[in-house]
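Accompanying notes for the structure given below.
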Amino acid sequence: MEFTVYKGSDSGKVVKGKTHKGALKPDEVLLRITHAGLCGTDLHYKTQDMVLSHEGVGVVEQIGSDVTFFKVGDRAGWGYLHNACLHCDQCLSGNEIHCSQHAMYGGADSDQGAFATHAVWKEGFLFHIPDAISSAAAAPLMCAGATVFNALELHGVRPTDRVGVVGIGGLGHLAIQFAAKMGCDVVVFSSTESKRDEAMALGAHEFYATKGAKNLDIGRPVDHLIVTTSMNPDWKLYLPIIAPMATIHPLTVSEGDFSIPHMPFVVKGIRIQGGICPSRGIHVKMLRFAALHGISPVIQEFPLTLEGIEEAIDKLEKGQIRYRAVLVAPETQC
C-alpha cells in the first residue's frame, strides 16, 4: 500500500511525501482519513522528519483477519497512543498511557499521522466514533478533549466541586464544557474581557479577567484548577484563590521548569497533578460523555492539502484559531 503524507522538515516547512505499507497484519485496520486535528503539540514537531497530527478520524477500508471490533465502513479515530505492551503493571491496571514500552506520537510510527490520505493502526488502539458526534468534531476530541477529560475524570473531580479553568483556547473551551456538564461550579480566568460571553455560553458560571490584576476576589476558592494556557500563570495571583487540599492540573506544554511559591503550596496541602492524554478506558468514556451531553469543540476547517495545512499552522502560530483547526480531506461528506 502507498499513501500520501504531510511531514515536518528541518526548515519547519511542511512537505508532501509517501508512506509504504505491506499487507495488513491480523490485528491491523486500514483507515481512509477524512478529518485531522491540528494541535499546538504539532508545532513542536514540524522541524522533525515525521508525519504530523495525532488527532485522526477516518473510515475503515480494510481489516486484518483477526479484527472483530471494526468492520469496513465504520468511523474510527485515534490519538497520541498507538500501542503498549499490555502486560506490565501500568497496562494491567488500565494505565497503558504510562507503559514504559508504549508507542506514542513523536516517539514512534513517524511514517504515519493524521495529515495523510490513509493510516494503518492496531485495532485495539482505535476508537469508534459515536453517531451523535460528527467526524469534524471528533478529531479535536482525540487529543484536546481527551486530555481535559482525563484530568477531570481520573483525579477525583466531583459535581460538588468548584473548578477553575485558566485560559479559553483549544483545551480550555472544552474543559469548560466537560466540567459544566459534570455538574461542577465552573470559574473561568482569561486575560481580558473579550471572551466573557463565549465562556458563559460554553457553561461557565463565573468569569474573571486577570490582565493587570493584583489580586482576585472570587468568593469561595476553587477545588481544582485546570491550567490550559501556553505558559504557566502567575502563581502568586492564583494560590490565594485555591482551596486547602485542592489540586492544580497543569496541562501546559512547556520546556521550562515548573516553579511555584513554596510556602503557600506546602501550608495549604495543595497537590500538583501531572497528566497527558488518557489511557483507552477513559478515552472511551470521554466519547460517550461528549455524545450524551452534546459537547463539541469550536472549530475552523481547512482543506487537508499542503496549502491548507500551511494556512492552518500559520494561523495557529499567530493565535488566530478559535479554537481548534480541523483539516478536512477533499470530497469528504461526513
Side-chain angles (χ1 to χ4, degrees), residues 39-48 54 79-81 90 95-100 102 104-107 143-157 161-176 178-179 184 186-191 208-216 218 221-279 282 316-317 319 323:
C39 178
T41 309
D42 297 320
L43 302 183
H44 295 273
Y45 293 112
K46 69 174 187 173
T47 57
Q48 305 297 314
H54 51 278
Y80 237 81
L81 184 64
Q90 296 301 327
N95 295 311
E96 62 270 14
I97 195 75
H98 297 299
C99 171
S100 63
H102 62 201
M104 291 177 64
Y105 178 72
C143 174
T147 298
V148 297
F149 186 85
N150 189 51
L152 295 164
E153 171 72 13
L154 190 60
H155 301 299
V157 175
D161 285 338
R162 191 158 155 89
V163 175
V165 177
V166 182
I168 311 172
L171 272 68
H173 87 287
L174 286 164
I176 294 168
F178 277 117
C184 300
V186 182
V187 184
V188 173
F189 305 93
S190 187
S191 58
Y208 298 92
T210 61
K211 187 175 182 178
K214 301 299 182 183
N215 57 72
L216 295 170
I218 70 167
V222 298
D223 304 294
H224 292 266
L225 188 70
I226 311 293
V227 181
T228 71
T229 49
S230 58
M231 297 179 65
N232 279 306
D234 179 0
W235 292 115
K236 291 180 181 179
L237 185 64
Y238 283 94
L239 283 174
I241 63 163
I242 297 176
M245 305 300 290
T247 303
I248 296 171
H249 305 264
L251 302 182
T252 300
V253 176
S254 174
E255 298 295 330
D257 294 336
F258 187 92
S259 179
I260 194 166
H262 184 79
M263 287 308 294
F265 165 67
V266 172
V267 170
K268 282 190 169 184
I270 294 170
R271 179 172 64 179
I272 297 172
Q273 178 62 60
I276 51 173
C277 297
S279 296
I282 289 182
L316 179 60
E317 290 179 325
Y323 286 107

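Along the sequence shown, the residues carry numbers beginning at 1.
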Residue list, side chain to side chain donor-acceptor pair (under 3.5 Å) with Asn95, at least two apart or on another chain: Ser93
What distance separates Ser230 OG from Leu171 CG, expressed to the nearest 0.5 Å? 11.5 Å
Within the side chain of Ser279, is there an N or O that forms a donor-acceptor pair under 3.5 Å with the backbone of Glu96? yes
Looking only at heavy atoms, the pair that brings Thr147 and Cys277 closest together is OG1-SG, 3.5 Å
Residues Leu174 and Gly145: closest non-hydrogen pair is CD1-N, 3.7 Å
Is the shortest side-chain heavy-atom distance between Thr228 and His173 below 4.5 Å? no
Side chains of Tyr105 and Tyr45: does their closest heavy-atom pair fall under 4.5 Å? yes
Over all atoms of both residues, closest heavy-atom pair of Leu152 and Ala175: CD1-O, 4.3 Å
Nearest 0.5 Å, what's the CG-OG1 distance between Leu225 and Thr247? 10.0 Å
Shortest non-hydrogen separation from Leu239 to Lys268 and the atoms involved: O-NZ, 2.8 Å
To the nearest 0.5 Å, what is the distance between NZ on Lys236 and NZ on Lys214? 11.5 Å
Identify the residue among Ile272, Thr229, Ile226 that makes a side-chain contact (heavy atoms from CB on, under 4.5 Å) with Pro250. Ile272
Would you give the length of the straight line joining atom CZ of Phe258 to atom CD1 of Ile248, rounded to the nearest 0.5 angstrom? 5.5 Å
Please report the shortest heavy-atom distance between Ser190 and Ile168, naming the atom on each side. CB-CD1, 4.0 Å
Minimal non-hydrogen separation, Cys143 against Tyr80, with atom names: SG-CD1, 4.4 Å
Please round to the nearest 0.5 Å and tell me the distance separating atom CD1 of Ile276 and atom NE2 of His98. 6.0 Å
Taking C-beta and beyond as the side chain, do Gln273 and Leu154 meet within less than 4.5 Å on heavy atoms? no
Flag the pair Val157 / Cys184 as yes when at least one side-chain heavy-atom distance between them is below 4.5 Å, and no otherwise. yes
Using 30° and 60° as the class limits, which term best fits the ring planes of His155 and His249: parallel, tilted or perpendicular? tilted
With a 4.5 Å limit on heavy-atom distance, are the side chains of Pro233 and Val227 in contact? yes
Would you call the rings of Tyr238 and Phe189 parallel, tilted or perpendicular if under 30° counts as parallel and over 60° as perpendicular? perpendicular
Can you tell me how far CG of Leu216 sits from CG of Leu237, rounded to the nearest 0.5 angstrom? 4.0 Å
Would a 4.5 Å heavy-atom cut-off, applied to side chains only, mark Phe178 and Val165 as touching? no
